[in-house]
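Structure first, then comments.
Because the structure is predicted, anything quoted here is derived from the model rather than measured.
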Amino acid sequence: MYNTLTRRKEPFVPVHPGRVGMYVCGPTVYKPSHVGHMVGPVIFDTVKRFLAWVGFEVKFVVNITDIDDKLIIEATKQNCTVPEIAERVTTDYLACLKALGVHSIDLFPKATDHIPEIRAMIESLIGKGHAYPSCGDVYFDVSSDADYGKLCNRDPEQMEAGIRVEVSERKKNPGDFALWKGAKPGEPSWPSPWGAGRPGWHIECSAMSFKWLGAPIDIHGGGLDLQFPHHENELAQSECHLGHPFTKYWMHNGLMKTGDKKMSKSEGNEVVVSALLKRFQSEAIRYLLLSSHYRSPIEFSEARLLEIGRTLEGFQRFFELFKRVTKASFHELKTMGHRDPDRFNPSSLEDGFSRDMVSLAAGLVECLADDFNTGGAIGSLHEMLTRLNRFVAESRVEETADSGNITQLIEGATLFRECALLLGLFEESVQKDPGEKTELVDALMTLLIELRAQSRQAKNFAMADHIRKGLTSLDIVLEDRPGGTIWRQS
RNA sequence: GGGCCCUUCGCCAAGUGGUAAGGCAACGGUUUGCAAAACCGUUAUUCCCCGGUUCGAAUCCGGGAGGGCCCUCCA
């Protein structure tokens, strides 16, 4: 995997054999999640799926930052309390994750539940000479850390030249950052040796990651925009506190763009997930996020989502075909759920369908093993789909219902499902716009299909085509399959 | 001023020294009464440009052009 700290790909060797601790920076919960917030969770969910499948025991933690200046401002604006905002936005965030198939996060610790740990860490940093109280605040002293800037490869002096915010009088060096912020009247606060206040922005992640994952942890992830200052500062304060490394592998995902600009709450160009989910299937959103490499920027557009919708229909049709032929539901196929080297070894098989499927699956695994190349893996998924469809066509299993072929088809589809689940795709069957399809519609369709079948039998193709064209104008497509005519809404 | 990164078919996109995956779109073919779906085939002798290294480069090095992100709000 690519490690931001070393700026190159490295073999993944966890700190403790067999176990992996992964911490990903979650949201500051002051505004509903936009699609950009989903990139990291979906990527790291996939990372965990893969690592777990390979055999590691993975603990995956995503924090919720529920106290911050932004929350205080938002609460004032909405005339409610900070916890109310935090609660509401957190609920939205969790619902979005669930919709996108992000199920692998083990814990969502909240900053406000870790004030004692945060205070203790600040005390330790002051004790070691890395931090100093100043007018009710406490700052981290950047000049006390010789390594400062190592994550982002930056020289503190050079950074001053590009500084674009006012430097507070309370700081010793312009690069110093707040560990603790004294409260102004009316602001939410907690007692501390430096006066009532709240934690600064970066300290909560350090404190929570130590508490829930220990140190050093294996993987620390987040968006590219967190690299500086958030992660640089986390790294500095953590290593000064610990006296040893904080994180072995740093992973950063690319940012989402709209119209060539970064999507962000402050740009005001964000596409809110909950609204998007009303108009597009969640699967298409997940597919979009996984279709390019996680370190690249992703351009968001509805046109692209629509295109992916067409792509997904091809998979959907296969699942329906699979059910018609095997009488089994693709979404209920039992997979192994872990790596079995024998099953991913094509050389042990004779030429043919099974061998092709295994070799495509092995290719997919190789993609994921190479810095989580989900785009390449999706390519393999498409090739597997084509191979499955080709098998159905060549074996004529739809007409013959040959039991040997059915067994092979089920095996192939099971392998495909195992691969798709590594990406979190096709987990559940997609119900297409329910409500339209009622018993009455079903009965009427059966009648029309029967009438058309009779017309065709009588060679009255004009009538048969009239029926089909009429249905087409109602967005209903008929397909004459070997086992009879089927219909679907387009 | 400094740091990081990107540029591959009409669009999206994989590929990190061994001779260009995949998707969408388009066009042929098989199939079909005709369709639909599916399958097969075609669509980049070429990877922003110019040099260099190498038996061999989209991949490495140097230079140039264009674009993005970051330098204390951000996933």
Taking atom [atom1] in both [N] and [M], compute the distance separating them and give it to the nearest angstrom.
N: B/C49; M: B/U8; atom1: C1'; result: 15 Å
N: B/G1; M: B/A44; atom1: C1'; result: 41 Å
N: B/U46; M: B/C39; atom1: C1'; result: 29 Å
N: B/G62; M: B/A57; atom1: C1'; result: 15 Å
N: B/C4; M: B/G52; atom1: C1'; result: 26 Å
N: B/U43; M: B/G28; atom1: P; result: 15 Å
N: B/U54; M: B/U19; atom1: C1'; result: 14 Å

Assign [X] to base, sugar-phosphate, or nothing according to its heavy-atom contacts below 4.0 angstrom with the strands shown.
X: A/H230; answer: nothing
X: A/R452; answer: base
X: A/G223; answer: sugar-phosphate
X: A/G222; answer: sugar-phosphate
X: A/R317; answer: sugar-phosphate
X: A/L478; answer: base
X: A/T4; answer: nothing
X: A/M38; answer: nothing
X: A/D225; answer: base
X: A/E383; answer: sugar-phosphate
X: A/D480; answer: base
X: A/G149; answer: nothing

Taking 4.0 Å as the cut-off, does a side-chain nitrogen or oxygen of [X] come that near to OP1 or OP2 on [N]?
X: A/N373; N: B/G15; value: yes
X: A/R310; N: B/A25; value: yes
X: A/W201; N: B/C74; value: yes
X: A/H37; N: B/A75; value: yes
X: A/R304; N: B/C24; value: no
X: A/N253; N: B/A75; value: no
X: A/K257; N: B/C69; value: no

Legend entry - Flag side-chain contact, heavy atom, 4.5 Å: A/F322 against A/I410: yes
Legend entry - Worked verdict on A/S209 versus A/V61 for side chain to side chain contact (heavy atoms under 4.5 Å, CB included): CA-CA 8 Å; A/S209 92; A/V61 174; over 6 Å; no
Inset, instruction - Could you pick out which residue, A/D155 or A/P27, lies toward the 5' side of RNA chain B when each is mapped onto its nearest nucleotide? - result: A/D155
Legend entry - 5′-ward residue of the pair A/D465/A/Y30 relative to RNA chain B: A/D465
Consider the side chain of [X], meaning its heavy atoms from C-beta on, and name the nucleotide among [options] that approaches it most closely.
X: A/E307; options: B/A75, B/C24, B/G33; value: B/C24
X: A/D370; options: B/U16, B/G23, B/U72; value: B/U16
X: A/P229; options: B/U72, B/A36, B/C34; value: B/U72
X: A/R7; options: B/C5, B/A75, B/A36; value: B/C5
X: A/R456; options: B/C24, B/G33, B/C5; value: B/G33
X: A/R481; options: B/A37, B/A14, B/A38; value: B/A37

Sort out the partner of [N] for me: Watson-Crick or G-U wobble, both distances under 3.5 Å, none otherwise.
N: B/G66; answer: B/C6
N: B/A20; answer: none
N: B/U72; answer: none
N: B/A58; answer: none
N: B/U53; answer: none
N: B/C39; answer: B/G29

Give the rounded distance in Å between these two atoms: [atom1] of [X] and [atom2] of [N].
X: A/H231; N: B/G3; atom1: NE2; atom2: P; value: 22 Å
X: A/F300; N: B/A13; atom1: CZ; atom2: P; value: 14 Å
X: A/E394; N: B/U30; atom1: CD; atom2: C1'; value: 12 Å
X: A/L226; N: B/C70; atom1: CG; atom2: C1'; value: 11 Å
X: A/Q227; N: B/C74; atom1: CD; atom2: P; value: 14 Å
X: A/R387; N: B/C40; atom1: CZ; atom2: P; value: 9 Å
X: A/L312; N: B/G22; atom1: CG; atom2: P; value: 18 Å
X: A/Y93; N: B/A75; atom1: OH; atom2: C1'; value: 8 Å

Legend entry - A/E232/A/R154 salt bridge by N-O under 4.0 Å criterion: no
Inset, instruction - Using a strict cut-off of less than 4.0 Å between a Lys/Arg side-chain nitrogen and an Asp/Glu carboxylate oxygen, indicate whether A/R286 and A/E283 qualify as a salt bridge. - result: no
Give a yes or no on whether the ring-centroid distance for [X] and [Y] is below 6.0 angstrom.
X: A/F372; Y: A/H293; value: no
X: A/H220; Y: A/F246; value: yes
X: A/F426; Y: A/F330; value: no

Inset, instruction - Return yes if the base of B/C40 and the side-chain atoms of A/N389 contain a donor-acceptor N/O pair under 3.5 Å, otherwise no. - result: no
Inset, instruction - Answer yes or no: side-chain N or O of A/R295 and base N or O of B/C5 forming a donor-acceptor pair under 3.5 Å. - result: no
Inset, instruction - May I have the step-by-step check of side chain to side chain contact (heavy atoms under 4.5 Å, CB included) for A/H230 and A/C205, ending in yes or no? - result: CA-CA 9 Å; A/H230 187 56; A/C205 284; 3.5 Å; yes
Legend entry - Pairing residues for A/Y249 by the ring-ring contact (aromatic ring centres under 6.0 Å, His included) criterion, not counting sequence neighbours: A/F12
Legend entry - Backbone of A/N405 reached by a side-chain donor or acceptor of A/D402 within 3.5 Å: yes
